[in-house]
Amino acid sequence: CVYQGGYGSGKTFIGSFLGIELARKYPQSRGLVVAKTFPLLRDTTLQAYFDHFERYGFQEKRDFIWKATESRLIFPQWQGSEILFRHLEKPFKLKSLNLAWVHVEEMSEIDEASFLMLLSRLRQMGVPRYRLFGTTNPQAHKGWIHKYFTDPQSTSPLAESAPESSVIQYRRVIAPSTENIHLSEAYLMNMKNQYDPDYYRMNVLGEDGDYTAGLVCKTWSAANIQETPYREDLRLYLSCDFNVDPMSWVLAHRFNGEYHFFDELCLENTTTAEAAHLFATRYGHHQAGITITGDASGQNRSTTSKSIGETNYTILRNTLSQLGMKDVRLDLRSHNPLVLDRVAAWNAMACNADGVVRIKVHPRCRWLIENCEGLRFIEGTSIIWEPSRKQIDQDHALKFTKHVWDAASYLIERYDPIQLMVDKHDTRKSRIISQPFTPKHRY
C-alpha cells in the first residue's frame, strides 16, 4: 500500500503507527523501516516512532529497548518483535534480511530496483500476511509507483521466495491535507492563498500531477499498446540505435499508414555482428524482405571493422546475408534529423488531433513502452533527460532510457516526417503538416 498525501496529511504519523501495530500483531516478527538517506530516517521517521511510544505510555527497557549502535528496536512484551532502521545508500546490505513487513518513508525517492529488492525480503517464516507500505508526496510524472499502484493493467513480479499461490495486492490511499482534523483552518487557508492551483491540487489535495507536462511522447496512451502480430507476408523494418551498452533495435511493419512494432532487441555489452545473429535466430526465416534504417551515425566506420569503409550498417547487412537472409536493404539519411523533428513526427503518428492512432506497440516491447511513458525533457530545455553513469550504477534499469525510443523514432521520422510547407499563394504564412514520403532505397 502507498499512502499518498499532501503537506500535513499525517503520512509519517500513520506509517510509524502501522509499523508498531504490526510488531504487536505478529509476535517475534521482524520489520524494516527504510528511507533513501539516513538523515531522513533519523530526523523524521525514527522520531515519529518515539513520539508514539509517549502516547502509548511506553517506558524504555520495560516496553521497548533501543539499541542505537544497531539502529534496532526490540519489544520484550511482544516476544522479541523487532524493528530495524536502515537507509538505501548501500542497498546490498539489506539483501540477506528475512522480514515480515517493510515501511518505506518517502517512497518516491527510491528506485524501482530497490522496491523489488525490498519486496523479495518479505519471507520470514510463520507470518500469515506480509506487508509493504510506504508514504509519498504526489508525483508530477509517471514512474514506477504509478505503474504498480495506479495503472490497473500493470502486473508485478512476486517475491522470489513466495509460494506460487501467493497474490500481491496493490492499494493506494490518497490523503488530502484538508482531511487532517488537527490542522487549523488558518493553516489550510494560508496554503490555499499562497499556492497556484496546480501546486495546491498536488501538495494539499494529494492528487496526481499533470503527467503530460514535460513528456517527450505527450500523445502516448494505453491505446498505443496492442498485441500487433509479426507477419511473414509483410516487409520487416529493422531500425537501429548503435550503442554498445545497450544495443537497441526495434522491429516493425508498415501498412495502412500505420507502424506496428512487434519486437525489440535491447542487448548489453554486445557487438553489431552478435546482435545480428540473435536477430537471425528469431527472424532468419523471413522471406518478404528486410529494410534496415535508424541512426545515421551508424554509417561511420565501426571501431570493430576489419576493413576500410566497413560500418555498423554494412556489418549488419552482410552478416544477415551470410546467414541466408535475402532482400536485405539499407535505407538511411545522410545525417540525423533534429531531435525535436523526431519528437514531432512521433507524436503526430502516436495520436493526431483527430484522435487517430497510427503507432501500435506489442506489450513484449517492454523498454520501448517504458520509454514512451517516461521520457521527459530537462525542465526549461528541449533536451531529453538521460541518466548519469552514477545513476545507472544505482538503478540498472535506467541504462535503457531513450536508446530504444531513438531507434523507433528514426523509423517514424524517416517515412512520415513533419515538413514545413509554404503556401505559394500566401508567402506570409506557413503551415506544418505531416506528409509521408517514400525515399528510394540505398544499397
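Please read these numbers as outputs of a predicted model, since none were measured by experiment. Reckoned from all heavy atoms, side chains included, excluding hydrogens, waters and symmetry mates.
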Requested in this report: Please answer whether the main-chain N or O of S248 pairs with a side-chain N or O of E264 as donor and acceptor at a distance below 3.5 Å.
Outcome: no
**Report entry** Distance-only donor-acceptor check, side chains H396 and E268, under 3.5 Å
**Finding:** yes
**Report entry** Under 3.5 Å donor-acceptor, N336 side chain and A296 backbone
**Finding:** yes
Query - Shortest non-hydrogen contact from H403 toward N371 - result: N-OD1, 4.0 Å
Query raised in the report: Is there side-chain contact between T37 and H87, with at least one heavy-atom pair below 4.5 Å?
Result: no
Report summary line: Closest non-hydrogen atoms of L122 and R131, given as atom of the first, atom of the second and distance, are CD2-O, 3.8 Å
Query raised in the report: Roughly how far, to the nearest 0.5 Å, is the CD1 atom of I83 from the CG atom of L99?
Result: 11.5 Å
Requested in this report: Mind running side-chain contact (heavy atoms from CB on, under 4.5 Å) on L251 and Y283 for me, showing each step along the way?
Outcome: CA-CA 10 Å; L251 288 65; Y283 301 99; 3.2 Å; yes
Query raised in the report: Which value, rounded to the nearest 0.5 Å, describes the distance between F115 atom CZ and L88 atom CG?
Result: 12.5 Å
Query raised in the report: Are any of the side-chain nitrogens in K147 or E370 under 4.0 Å away from the carboxylate oxygens of its partner?
Result: yes
**Report entry** Gap separating the OG atom of S239 from the CG atom of D406, nearest 0.5 angstrom
**Finding:** 9.5 Å
Report summary line: G8 and S177 have their tightest heavy-atom pair at N-OG, 4.5 Å
Query raised in the report: Is there side-chain contact between L118 and V34, with heavy atoms separated by less than 4.5 Å?
Result: yes
**Report entry** Worked check of side-chain contact (heavy atoms from CB on, under 4.5 Å) between K11 and N137
**Finding:** CA-CA 9 Å; K11 296 189 294 294; N137 293 315; 3.3 Å; yes
Report task. Establish, from distance only, whether the side-chain atoms of Q124 and Y26 form a donor-acceptor pair under 3.5 Å. Result -> no
Query raised in the report: Hey, what do you get for CG (L116) to CG (D111), rounding to the nearest 0.5 Å?
Result: 9.0 Å
Report task. Please determine which of W249, F400, W405 meets the ring-ring contact (aromatic ring centres under 6.0 Å, His included) test together with W367. Result -> F400
Query raised in the report: Quick one: CG on L411 to CD1 on I359, what's the gap to the nearest 0.5 Å?
Result: 9.0 Å
**Report entry** F149 vs C1 side-chain heavy atoms within contact, under 4.5 Å
**Finding:** no
Query raised in the report: Which heavy atom in T136 sits nearest to a heavy atom in S108, and how many Å separate them?
Result: OG1-CB, 3.2 Å
**Report entry** side chain to side chain donor-acceptor pair (under 3.5 Å) between R86 and S71, worked out
**Finding:** CA-CA 7 Å; R86 300 289 186 270; S71 296; 4.8 Å; no
Query - Beyond-backbone contact of Y415 with D331, side-chain heavy atoms, under 4.5 angstrom - result: yes
Query raised in the report: Side chains of T272 and N312: do they bring a donor and an acceptor to under 3.5 Å?
Result: yes
Report task. Return yes if some donor-acceptor pair links the side-chain N/O of R364 with the main-chain N/O of F262 below 3.5 Å, else return no. Result -> yes
Query raised in the report: For the residue pair W144 and M107, what are the closest heavy atoms and their distance?
Result: CH2-CG, 3.4 Å
Query raised in the report: Looking at Y237, does the NZ or CZ of R254 lie under 6.0 angstrom from its six-membered ring centre and within 45 degrees of the ring axis?
Result: yes
Query raised in the report: Between R30 and E82, does at least one N-O distance fall below 4.0 Å, as a salt bridge requires?
Result: yes
**Report entry** Ring centres under 6.0 angstrom apart (F261, H362)
**Finding:** no
Query raised in the report: Any Lys/Arg nitrogen of K36 or E106 sitting under 4.0 Å from an Asp/Glu carboxylate oxygen of the other?
Result: no
Query - Qualifying residue for side chain to side chain contact (heavy atoms under 4.5 Å, CB included) with M247, from T271, N269, T270 - result: T270
Query raised in the report: Are F85 and F38 near enough that their ring centres are under 6.0 Å apart?
Result: no
Query raised in the report: What distance separates I168 CD1 from L132 CG, expressed to the nearest 0.5 Å?
Result: 9.0 Å
**Report entry** Test side chain to side chain donor-acceptor pair (under 3.5 Å) applied to Q4 and D208, T150, T135, the passing residue
**Finding:** D208
Query raised in the report: Hey, does the side chain of H286 reach the backbone of L234 with a donor-acceptor pair shorter than 3.5 angstrom?
Result: yes
Query raised in the report: Does a salt bridge link D327 with R329, judged by any charged N lying under 4.0 Å from a carboxylate O?
Result: yes
Query raised in the report: Ignoring hydrogens and geometry, is there a side-chain-to-backbone donor-acceptor pair from N347 to V343 under 3.5 Å?
Result: yes
Query raised in the report: Is a donor on one side and an acceptor on the other found under 3.5 Å between the side chain of R123 and the backbone of N98?
Result: no
Query - Within 45° cone and under 6.0 Å: R342 NZ/CZ vs Y410 ring - result: yes
Query - Over 12 non-hydrogen atoms of neighbours within 6.0 angstrom of NE2 in H285 - result: yes
Report task. In sequence, state the C-alpha distance, the side-chain angles, and the governing distance for E413 and R333, and then conclude on salt bridge (charged side-chain N to carboxylate O under 4.0 Å, His left out). Result -> CA-CA 10 Å; E413 201 281 335; R333 287 194 182 280; 3.0 Å; yes
Requested in this report: Step by step, work out the side-chain contact (heavy atoms from CB on, under 4.5 Å) result for Y259 and R358.
Outcome: CA-CA 6 Å; Y259 292 81; R358 292 178 288 176; 5.6 Å; no
Query raised in the report: Under 6.0 Å between ring centres, would you say that holds for W101 and Y130?
Result: no
Query raised in the report: Do side-chain atoms of S16 reach the backbone of T12 as a donor and acceptor pair under 3.5 angstrom?
Result: yes
Query - Backbone of S221 reached by a side-chain donor or acceptor of N224 within 3.5 Å - result: yes
Report task. Carefully, step by step, assess F133 and L22 under the rule side-chain contact (heavy atoms from CB on, under 4.5 Å). Result -> CA-CA 11 Å; F133 52 95; L22 288 174; 3.6 Å; yes
**Report entry** For V127 against A100, the heavy-atom pair lying closest together
**Finding:** CG2-CB, 3.6 Å
**Report entry** Residue pair Q322, T319: steps toward the side chain to side chain donor-acceptor pair (under 3.5 Å) verdict
**Finding:** CA-CA 5 Å; Q322 291 166 7; T319 302; 5.0 Å; no
Query raised in the report: Hey, is D393 close enough to K399 for a salt bridge, meaning N to O under 4.0 Å?
Result: no
Requested in this report: Assess the pair Y3 and F13: is the distance between their ring centroids shorter than 6.0 Å?
Outcome: no
Query raised in the report: Are any side-chain N or O atoms of D295 and backbone N or O atoms of S297, one a donor and one an acceptor, separated by less than 3.5 Å?
Result: yes
